[in-house]
**Student:** 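Got a structure here, written out as structure tokens. Questions coming.
Residues take their numbers from the sequence shown, with the count starting at 1.
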Amino acid sequence: MKTVVPARAAWSRVIGEGETLTITDLHGNQAVDFLVYDAHDTAVRYSAPDTVQAQGGIFLTTGSVLMSGEHTPLMTVTADDVGRHDTVGGACSKESNTLRYGHHTWSQHACVDNFLAEGAKHGLGKRDLVSNINWYMNVPVEQDGTLGIVDGISAPGLSLTLRAERDVLVLVSNCPQINNPCNGFDPTPVEMTIEAAETTIGDAR
């Protein structure tokens, strides 16, 4: 099943255990903010500290496992054309936009707005938002600990694939940010592709 998520829009879906989700950067240089929860108990949710600790680094790529706060696996990156994705940059909000870029940005749509609106469809609220993943976003860390948000390293048609290690609920904000280079100052659509779990000979299913 393929779905194109328009620029600046939100998306959500339950991904069954063993199914894969492929996120394709259709036009290049588009940040995709991402949260994941246990579909049957949303109190079990993605944890940036557990994920970073488990893999020994702050960037995600092939083989990275998205861990919950219970230190249990939610999804695994099984393929990645880009090689590095952000875990520390967070999601843009009206508040952070005004702080960083000026009060004139207050009316601009933001990822937190997307997460709240999309999460509400599944009974989630502001208390359920945690530090998120930013697929394709380029956030280098300088020697003094300073974070940068710079031009992306993705390109049109590049993708990454995640396998669900249990039934999970995925929330996505196709980032609307236009005040820094994370989207090349021009948000663009991305494509979501869900594929069934692979079966093997003798699989009873």
**Student:** Whether the side chain of E19 engages the backbone of G16 through a donor-acceptor N/O pair (distance < 3.5 Å, no angle test) should be reported.
**Tutor:**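 Checking the backbone N and O of G16 against the side chain of E19, a donor-acceptor pair under 3.5 Å is found.
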
**Student:** Between T72 and R166, is there a side-chain donor-acceptor contact under 3.5 Å, judged purely by atom types and distance?
**Tutor:**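 Yes, T72 and R166 have a side-chain donor paired with an acceptor closer than 3.5 Å.
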
**Student:** With side-chain contact (heavy atoms from CB on, under 4.5 Å) as the criterion, how do D186 and Q30 come out once you've worked through the C-alpha distance, each side chain's angles and the decisive distance to 0.1 Å?
**Tutor:** CA-CA 8 Å; D186 181 24; Q30 173 63 32; over 6 Å; no

**Student:** Using side-chain heavy atoms (C-beta onward) and a distance below 4.5 Å, is N138 in contact with R84?
**Tutor:**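 Yes, at least one pair of side-chain atoms sits under 4.5 Å.
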
**Student:** Which residue, L158, V82, N29, forms the side-chain contact (heavy atoms from CB on, under 4.5 Å) with I153?
**Tutor:**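 By the side-chain contact (heavy atoms from CB on, under 4.5 Å) criterion, I153 pairs with just one of L158, V82, N29: V82.
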
**Student:** Give a yes or no on whether V77 and M137 share a hydrophobic cluster (residues Ile, Leu, Val, Met, Phe, Trp, Tyr; joining criterion: side-chain heavy atoms under 4.5 Å apart).
**Tutor:**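 V77 does not cluster with M137.
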
**Student:** Out of the candidates T76, I133, T87, only one should pair with L66 under the side-chain contact (heavy atoms from CB on, under 4.5 Å) rule; please name it.
**Tutor:**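 Going through the options one by one, the only one that passes is I133.
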
**Student:** Check the pair D128, R45 against salt bridge (Lys or Arg N to Asp or Glu O under 4.0 Å), reporting the backbone distance first and the verdict last.
**Tutor:** CA-CA 9 Å; D128 299 300; R45 57 194 60 166; 2.9 Å; yes

**Student:** Can you tell me how far the CD1 atom of I23 sits from the CG atom of D81, to the nearest 0.5 Å?
**Tutor:**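 Spacing of CD1 (I23) from CG (D81) equals 12.5 Å.
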
**Student:** Tell me yes or no: between the side chains of S159 and T22, is some donor less than 3.5 Å from an acceptor?
**Tutor:**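 Side-chain D/A pair, S159 to T22: absent.
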
**Student:** Please confirm whether the backbone N or O of D38 pairs with a side-chain atom of D41, one donor and one acceptor, at under 3.5 Å?
**Tutor:**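 A pair under 3.5 Å: no.
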
**Student:** Using 0.5 Å steps for rounding, measure from the CE atom of M75 to the OG1 atom of T161.
**Tutor:**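 If I round to the nearest 0.5 Å, the distance is 10.0 Å.
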
**Student:** For the backbone of M1 and the side chain of E195, can you confirm whether one donor and one acceptor N or O come within less than 3.5 Å of each other?
**Tutor:**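 It does not hold such a pair.
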
**Student:** So which heavy atom on G18 is nearest to which on R163, and how close?
**Tutor:**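 Smallest heavy-atom distance, with atoms named: O-CG, 4.0 Å.
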
**Student:** Measure the spacing between OG of S12 and NE2 of H122 and express it to the nearest 0.5 Å.
**Tutor:**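 Here the interatomic distance stands at 3.0 Å.
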
**Student:** Applying the side-chain contact (heavy atoms from CB on, under 4.5 Å) criterion to L116, which one of L124, L129, L171 satisfies it?
**Tutor:**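 Only one option passes, and that is L129.
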
**Student:** Pairing donors with acceptors under 3.5 angstrom, does anything connect the side chains of S173 and D33?
**Tutor:**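 S173 vs D33: no donor-acceptor pair found between side chains.
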
**Student:** Find out whether W11 and V170 are in side-chain contact, i.e. whether some heavy atom of one side chain is under 4.5 Å from a heavy atom of the other.
**Tutor:**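 A side-chain contact exists here, since the closest heavy-atom pair is under 4.5 Å.
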
**Student:** Are R8 and N114 linked by a side-chain donor-acceptor pair shorter than 3.5 Å?
**Tutor:**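 No.
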
**Student:** Could you measure the distance from the OH atom of Y37 to the OG atom of S68? Nearest 0.5 Å is fine.
**Tutor:**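 Y37 atom OH to S68 atom OG measures 13.0 Å (nearest 0.5 Å).
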
**Student:** Test of understanding: clusters of I, L, V, M, F, W, Y form through side-chain heavy atoms closer than 4.5 Å, transitively. Do L162 and F115 belong to the same one?
**Tutor:**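 Different clusters.
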
**Student:** Taking I194 as the starting point, is it possible to reach V168 by hopping between hydrophobic residues whose side chains are less than 4.5 Å apart?
**Tutor:**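 Looking at the clustering, I194 is in the same group as V168.
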
**Student:** Evaluate side-chain contact (heavy atoms from CB on, under 4.5 Å) for V190 paired with V4, printing each intermediate quantity in order.
**Tutor:** CA-CA 6 Å; V190 296; V4 173; over 6 Å; no

**Student:** Can you name the nearest heavy-atom pair linking H71 to M67, along with the distance?
**Tutor:**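 Nearest heavy atoms, H71 then M67: O-CE, 3.2 Å.
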
**Student:** Please report the closest heavy-atom contact between P187 and C175, naming both atoms and the distance.
**Tutor:**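 Distance-wise, the nearest heavy atoms are CB-O, 3.7 Å.
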
**Student:** I'd like to know if the side chain of N174 and the backbone of P6 have a donor-acceptor N/O pair within less than 3.5 Å.
**Tutor:**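 Side chain of N174 to backbone of P6, a donor-acceptor pair under 3.5 Å: yes, one is there.
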
**Student:** Check whether the side chains of D25 and S154 place a donor and an acceptor atom closer than 3.5 Å, and report yes or no.
**Tutor:**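 Yes, side-chain donor-acceptor contact under 3.5 Å.
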
**Student:** Working to the nearest 0.5 Å, report the span between OH of Y136 and CZ of F34.
**Tutor:**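 Interatomic distance, Y136 OH to F34 CZ, rounded to 0.5 Å: 11.0 Å.
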
**Student:** Let me confirm one number: the CD-CD1 distance from E165 to I15, rounded to the nearest 0.5 Å.
**Tutor:**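 Reported value, rounded in 0.5 Å steps: 13.0 Å.
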
**Student:** Between G69 and S47, what is the shortest heavy-atom contact and its length?
**Tutor:**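 Nearest heavy atoms, G69 then S47: N-CB, 3.5 Å.
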
**Student:** Could you walk me through whether T62 and D80 pass side-chain hydrogen bond (donor to acceptor under 3.5 Å, both in side chains), step by step?
**Tutor:** CA-CA 5 Å; T62 305; D80 175 22; 4.8 Å; no

**Student:** Start with the C-alpha gap between L35 and L169, add the side-chain angles, then the distance that decides, and say whether side-chain contact (heavy atoms from CB on, under 4.5 Å) holds.
**Tutor:** CA-CA 8 Å; L35 288 170; L169 168 65; over 6 Å; no

**Student:** Examine V139 and V32 and state if one hydrophobic cluster contains both, with Ile, Leu, Val, Met, Phe, Trp and Tyr joined whenever side-chain heavy atoms are less than 4.5 Å apart.
**Tutor:**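 They do not share one cluster, since no chain of ILVMFWY contacts under 4.5 Å joins V139 to V32.
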
**Student:** Under 6.0 Å between ring centres, would you say that holds for H85 and F59?
**Tutor:**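 Here the rings of F59 and H85 have centres that are no less than 6.0 Å from each other.
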
**Student:** Would you please test E191 and T3 for side-chain contact (heavy atoms from CB on, under 4.5 Å) and show each step?
**Tutor:** CA-CA 6 Å; E191 184 178 75; T3 303; over 6 Å; no

**Student:** If every non-hydrogen atom of P189 is compared with every non-hydrogen atom of H27, which pair is closest and at what distance?
**Tutor:**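 Reported closest heavy-atom pair: CD-CD2, 3.5 Å.
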
**Student:** Would you say that H40 contacts D167 through its side chain, given a criterion of any heavy-atom pair below 4.5 Å between the two side chains?
**Tutor:**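 Yes, at least one pair of side-chain atoms sits under 4.5 Å.
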
